Number of protein chains: 2
Amino acid sequence: MSLRHALLGLLARNPASGYDLLKIFEISLANVWPATQSQLYAELGRLADAELVTVAAEGPRGRKEYAISDAGLAELHHWLTAVEPRKIVRSDMLLRVFFLGQVDSEQARAYLRRQAEISAEEHEKWEALTEFVAEGEDDLSVFGLLSLEWGLRFSAMQREWAEWAEGEIERSSGTDAPPAAR
Amino acid sequence: MSLRHALLGLLARNPASGYDLLKIFEISLANVWPATQSQLYAELGRLADAELVTVAAEGPRGRKEYAISDAGLAELHHWLTAVEPRKIVRSDMLLRVFFLGQVDSEQARAYLRRQAEISAEEHEKWEALTEFVAEGEDDLSVFGLLSLEWGLRFSAMQREWAEWAEGEIERSSGTDAPPAAR
DNA sequence: ACCCTACCTTCCTGTGTTGACATGTCACTT
DNA sequence: AAGTGACATGTCAACACAGGAAGGTAGGGT
């Protein structure tokens with residue numbers, strides 16, 4: 001349950017309300033660990049029960065401003081440094097590739113072409129974000145930049161791979177049945 | 001719910017029982033879309049209810065051999081060719097990186113070093129699998145090889161990134177406080 | 001005959017995730 | 001005074017995922 005740690009991480013920077021956190025999730029963490037409102041408020045409640053966060057202040061419309069507690073900070077640091085990252089990567093894309101041999105090569109290539117396009121779009125999104133951060137002087141330290149760099153590399157690699165794979169299929173199906181005029 | 005399509009994809013190759021499918025998941029799909037036994041049997045039941053698969057034969061110990069139906073095949077092909085791949089990638093690793101600035105740079109580097117190690121191990125696993133497939137003459141077509149190639153590239157990239165990131169932190173913290181003797 | 005192992009399925013509990021719906025308040029405009 | 005939009009939280013149903021307990025059958029070896 002990484003949502004818990006995402007919330008702790010954000011609260012360690014600044015105290016915030018559920019609503020604030022939701023906004024941050026939407027703009028900033030959406031590409032890394034999406035979360036919905038219902039999940040978020042529920043988790044905040046649980047964090048408060050566990051005394052990892054406290055309600056520091058109550059505001060206008062029932063607003064509750066949460067702040068991280070010492071116990072919460074300890075938990076966050078523990079997670080950041082001592083908990084093994086999970087290795088499993090569930091990939092929709094790879095699963096499809098695994099079965100792609102069951103449709104004809106024309107369709108398979110079409111799928112990979114689409115995948116390359118999507119990756120290219122993702123790449124642009126990351127580039128825009130990088131630019132935004134570079135200009136906007138966000139409070140992002142080196143570490144924010146590391147995340148961005150990862151997004152850039154990943155989307156670029158995925159695109160290259162999809163294009164390569166498409167060519168690979170073309171080559172191998174070409175030997176069986178030359179493209180010819182259709 | 002891609003588990004559904006994973007099952008359809010496997011059944012499109014050969015009819016199989018839940019038990020058979022479970023074995024296949026353990027050895028072959030574990031790196032792509034892990035699933036547990038409870039999930040698997042439940043989903044098979046639902047697939048049968050929806051008539052996307054049929055019980056083709058009943059064997060010795062209550063064994064039920066499932067086969068894909070025409071409707072199932074249609075659904076599979078639809079998913080393979082017409083359903084948009086999901087873009088969101090939940091990454092434990094990236095989430096950590098996002099907050100890594102909250103621990104001192106020594107610890108941050110240690111984490112990235114560990115991440116590079118893990119990626120290297122993953123890479124070896126993929127290499128071993130590639131070798132195994134190349135020798136074993138599995139029924140893997142070009143498409144199986146594409147998956148393997150992706151695993152290789154991805155793990156290599158992740159490792160390179162982690163090493164680069166570690167260097168990046170070293171460089172930036174070095175300017176603040178030179179490494180010195182400790 | 002006996003036991004062990006592999007085979008095979010069902011059920012249960014708990015947590016994570018999503019989407020939709022419900023409810024209400026404050027600030028600002030018209 | 002009424003309306004609108006941003007602020008803010010809570011709850012529900014449904015599905016996805018993980019782990020494990022429980023139970024039963026068939027075949028092979030001793």
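Numbers restart at 1 for each chain; the letters A, B, ... are given by sequence-line order, proteins then strands. Everything numeric in this text was worked out from a predicted model, so none of it was measured.
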**Report entry** Neighbours of DNA chain C within residues 54-65 of chain B, by heavy-atom distance under 4.0 Å
**Finding:** B:Arg61, B:Gly62, B:Arg63, B:Lys64

Requested in this report: Enumerate the residues from residues 15-44 of chain B whose closest heavy atom to DNA chain D is under 4.0 Å, giving them by residue number; use none for an empty result.
Outcome: B:Trp33, B:Thr36, B:Gln37, B:Ser38, B:Gln39

**Report entry** Donor-acceptor side-chain pairing of B:His5 and B:Glu75 below 3.5 angstrom
**Finding:** yes

**Report entry** Value rounded to 0.5 Å, distance of CG in B:Asn14 from CD in B:Glu65
**Finding:** 9.0 Å

Query raised in the report: Nearest 0.5 Å, what's the CD-CD1 distance between A:Gln107 and A:Ile169?
Result: 11.5 Å

Query - Stacked cation flag A:Arg153 on B:Trp164, 6.0 angstrom / 45 deg - result: yes

Query raised in the report: Does some side-chain heavy atom of B:Val53 sit less than 4.5 Å from a side-chain heavy atom of B:Leu7?
Result: no

Report task. Describe the nucleic acid contact of A:Arg4 in one word from base, sugar-phosphate, nothing, applying a heavy-atom distance below 4.0 Å. Result -> nothing

Requested in this report: Take atom CG of B:Leu95 and atom C1' of C:dG16, then tell me their distance rounded to the nearest Å.
Outcome: 15 Å

Report summary line: side-chain contact (heavy atoms from CB on, under 4.5 Å) test vs B:Tyr66 passes for just one of B:Leu47, B:Leu52, B:Leu11, namely B:Leu11

Query - Phosphate OP1/OP2 of C:dT17: any A:Arg90 side-chain N/O under 4.0 Å - result: no

**Report entry** Neighbour count >12 (heavy atoms, 6.0 Å) for atom CG, B:Asp70
**Finding:** no

Query - Salt bridge flag under 4.0 Å for residues B:Lys125 and B:Glu121 - result: no

